[in-house]
*Asks:* 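First, the structure itself, so that you have it in front of you.
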Amino acid sequence: MVAHGGTSVAGSFIQTLPLVTRERGFVVEAMARAKSLFPWLMLGADFDNDRAFMNDVVVPWCRSQSMEVTRSRADKKNDQAFVEQKNGAVVRRLVGNGRFEGIETAQAMARLYAAARLHVNFFQPSFKLKDKRREGAKVIKRYHPPATPYARALEHPAVAKAVKRRLRELYRTLDPVALMAEIRDAQSELGARVDRRGGNAAVPKQLPLPNTATFAKGLGKMIETGEPRATHRRQRRGYKVRVRMPSMLDPHVATIESWLSVEPQLTATAILARLIQRAPGDFGLSQHSIVQRLLKTLRTKTTHQLMAGKVKVEKVGSHAVVPAGPTACDQTKPSASPG
């Protein structure tokens with residue numbers, strides 16, 4: 001299964017096969033539906049150790065259908081590598097990582113998979129590993145020429161001629177552009193229902209039926225614009241407006257800048273010592289951090305002004321002096337809290 005719970009696994013959400021929820025009875029129904037869609041007989045089912053599969057309902061049903069049941073070994077996650085690779089290459093690429101809930105959403109997802117099943121199996125070529133060998137620390141792999149699952153089925157000697165004939169008849173009735181339009185339409189509906197925060201699904205808008213001709217004309221433009229699919233489009237959230245709190249250093253900023261214009265090497269400890277002498281009731285050693293932040297902000301601003309040529313450096317004796325500017329109301333002051 002592939003979980004469509006978004007950022008949370010709490011509650012009930014859709015699982016690809018697709019299932020409305022994780023329940024053994026639904027697993028049997030999904031397997032029966034899949035069995036009817038295969039062009040050949042299902043002779044076996046290989047599960048992982050999930051309780052949704054390995055239970056007293058699914059396993060007896062498989063055996064009643066003359067299907068051999070095998071499972072992965074304990075603590076051997078790579079036993080399902082050939083299955084898990086399709087989770088990203090097919091399922092996540094089609095559906096994304098959002099959260100989906102409800103029967104109507106499951107129906108839309110089933111419509112998406114119905115079109116994607118035909119498009120992937122009949123029109124999407126893929127590589128298949130032919131052999132691999134190791135030369136020292138290097139692994140050399142060779143692949144068969146890219147081919148669709150449909151083409152591989154026609155070339156396989158174990159597939160009956162009657163099955164190949166039915167596959168050819170089905171292939172003649174398919175239009176890849178119409179299938180792609182159906183896929184995009186189903187993705188748009190799912191994109192209107194997705195909620196990436198794990199809460200209630202959004203109410204979908206009524207979408208128009210896909211127009212194959214219009215869709216075919218816009219295929220080239222879609223590639224140029226690079227617009228993400230509706231199932232992968234992130235919802236835009238407004239930025240939180242942060243209100244700057246008044247700082248106890250605001251009345252002393254001009255004084256601190258005058259000190260720095262004469263003695264640029266002053267540290268936060270020295271500045272704090274002078275502030276304690278000026279206002280012993282307001283300042284203490286606990287304000288060292290906010291003085292450090294203010295000092296860093298003032299020096300950063302002065303550096304930017306020097307690079308922009310807005311501040312003239314004067315040389316008095318053997319010291320370079322940077323004149324202080326009016327900064328009491330400057331927006332770059334640090335957001336230090338009182339105390």
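The chain is numbered in sequence order, starting from 1.
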*Asks:* Identify each donor-acceptor pair in which a side-chain atom of residues 86-96 lies under 3.5 Å from a protein atom, sequence neighbours left out, and give them as a table.
*Replies:*
{"unit_1": "Asn87", "atom_1": "ND2", "unit_2": "Glu84", "atom_2": "OE1", "d": "2.5"}
{"unit_1": "Arg92", "atom_1": "NH1", "unit_2": "Ala3", "atom_2": "O", "d": "3.4"}
{"unit_1": "Arg92", "atom_1": "NH1", "unit_2": "Gly96", "atom_2": "O", "d": "3.1"}
{"unit_1": "Arg92", "atom_1": "NH2", "unit_2": "Ala3", "atom_2": "O", "d": "2.8"}

*Asks:* Starting from Leu179, can I reach Leu170 by hopping between I/L/V/M/F/W/Y residues whose side chains sit under 4.5 Å apart?
*Replies:* yes

*Asks:* Leu112, Leu37: one ILVMFWY side-chain cluster at the under-4.5 Å cut-off?
*Replies:* no

*Asks:* Could you check whether any side-chain N or O of Glu257 sits under 3.5 Å from a backbone N or O of Ala254, counting only pairs where one atom can act as donor and the other as acceptor?
*Replies:* no

*Asks:* Would you give the length of the straight line joining atom CD1 of Ile256 to atom CG of Leu275, rounded to the nearest 0.5 angstrom?
*Replies:* 5.0 Å

*Asks:* Could you grab the distance from atom CD of Gln292 to atom OG1 of Thr297, nearest 0.5 Å is fine?
*Replies:* 11.5 Å

*Asks:* List the atom of Glu182, the atom of Ala115, and the distance in Å for their closest heavy-atom pair.
*Replies:* CG-CB, 3.6 Å

*Asks:* Output every pair passing salt bridge (charged side-chain N to carboxylate O under 4.0 Å, His left out) with a member in residues 267-279, not counting sequence neighbours, ordered by first then second residue.
*Replies:* Glu263-Arg274

*Asks:* How would you list all residue pairs meeting ring-ring contact (aromatic ring centres under 6.0 Å, His included) that involve residues 153-187, not counting sequence neighbours?
*Replies:* Phe123-Tyr171, Tyr150-Tyr171

*Asks:* Please examine the side chains of Phe26 and Gln15, heavy atoms only from C-beta on, and report whether any two atoms are closer than 4.5 Å.
*Replies:* no

*Asks:* Please determine whether residues Val194 and Val20 belong to a single hydrophobic cluster, defined as Ile, Leu, Val, Met, Phe, Trp and Tyr linked transitively by side-chain heavy-atom distances below 4.5 Å.
*Replies:* no

*Asks:* Provide the full list of salt bridge (charged side-chain N to carboxylate O under 4.0 Å, His left out) pairs with a residue in residues 53-75, sequence neighbours left out, each pair given once.
*Replies:* Arg24-Asp56, Arg73-Asp79

*Asks:* Would Val2 and Val27 show up in the same hydrophobic cluster when neighbours are defined by side-chain heavy atoms closer than 4.5 Å?
*Replies:* no

*Asks:* Can you tell me if Leu129 has over 12 outside heavy atoms packed within less than 6.0 Å of its CG?
*Replies:* yes

*Asks:* Using salt bridge (charged side-chain N to carboxylate O under 4.0 Å, His left out) as the criterion, list what pairs up with Arg22, not counting sequence neighbours.
*Replies:* Asp50

*Asks:* What closest approach, in Å, do Ala186 and Ala108 show between heavy atoms, and which atom pair accounts for it?
*Replies:* CB-O, 4.1 Å

*Asks:* Does any pair with a residue in residues 30-42 pass side chain to side chain donor-acceptor pair (under 3.5 Å), and if so which ones, sequence neighbours excluded?
*Replies:* Lys35-Gln65

*Asks:* Considering all heavy atoms of both residues, which atom of Arg99 and which atom of Ala10 are nearest to each other, and what is their separation?
*Replies:* NH2-O, 2.5 Å

*Asks:* Is the backbone of Pro264 close enough, under 3.5 Å, to the side chain of Arg299 for a donor and an acceptor to pair up by distance?
*Replies:* yes

*Asks:* Kindly give the heavy-atom pair with the smallest separation between Met1 and Ala52, and that separation in Å.
*Replies:* CE-CB, 3.9 Å

*Asks:* Mind checking side-chain contact (heavy atoms from CB on, under 4.5 Å) for Ala162 and listing every partner two or more places apart, or none if nothing turns up?
*Replies:* Arg165, Arg166

*Asks:* State plainly whether one hydrophobic cluster holds both Phe122 and Ile183, where clusters connect Ile, Leu, Val, Met, Phe, Trp and Tyr through side-chain heavy atoms under 4.5 angstrom apart.
*Replies:* no

*Asks:* Looking only at non-hydrogen atoms, find the nearest pair between Pro18 and Ala106 and report the distance.
*Replies:* CG-O, 4.3 Å

*Asks:* Side chains of Gln287 and Leu249, heavy atoms from C-beta outward: is any pair under 4.5 Å?
*Replies:* no

*Asks:* Nearest 0.5 Å, what's the CD1-CD1 distance between Ile271 and Ile276?
*Replies:* 12.0 Å

*Asks:* Atom CG of Leu19 and atom CD1 of Ile14: how far apart are they, to the nearest 0.5 Å?
*Replies:* 9.5 Å

*Asks:* Can you see which heavy atom on Thr21 is nearest to which on Ser12, and at what distance?
*Replies:* OG1-OG, 3.3 Å

*Asks:* Could you give the distance from CG (Asp46) to CE (Met67), rounded to the nearest 0.5 Å?
*Replies:* 11.0 Å

*Asks:* Can you name the salt bridge (charged side-chain N to carboxylate O under 4.0 Å, His left out) partners of Glu23, sequence neighbours left out?
*Replies:* none

*Asks:* Just jot down the side-chain hydrogen bond (donor to acceptor under 3.5 Å, both in side chains) partners of Thr269, sequence neighbours excluded, or say none.
*Replies:* His288

*Asks:* Give a yes or no on this: more than 12 heavy atoms of other residues, nucleotides or ligands lie within 6.0 Å of atom CG of Leu41.
*Replies:* no

*Asks:* List the residues meeting salt bridge (charged side-chain N to carboxylate O under 4.0 Å, His left out) with Glu169, not counting sequence neighbours, and say none if there are none.
*Replies:* none

*Asks:* Sort and list the pairs that fulfil ring-ring contact (aromatic ring centres under 6.0 Å, His included) and have at least one residue in residues 251-271, not counting sequence neighbours.
*Replies:* His252-Phe283

*Asks:* Could you check whether atom CG of Leu285 has more than 12 heavy atoms from other residues, nucleotides or ligands sitting under 6.0 Å from it?
*Replies:* no

*Asks:* Roughly how far apart are Leu294 CG and Leu272 CG, rounded to 0.5 Å?
*Replies:* 11.5 Å

*Asks:* Among all residues two or more places apart in sequence or in another chain, which pass the salt bridge (charged side-chain N to carboxylate O under 4.0 Å, His left out) test with Asp48?
*Replies:* none

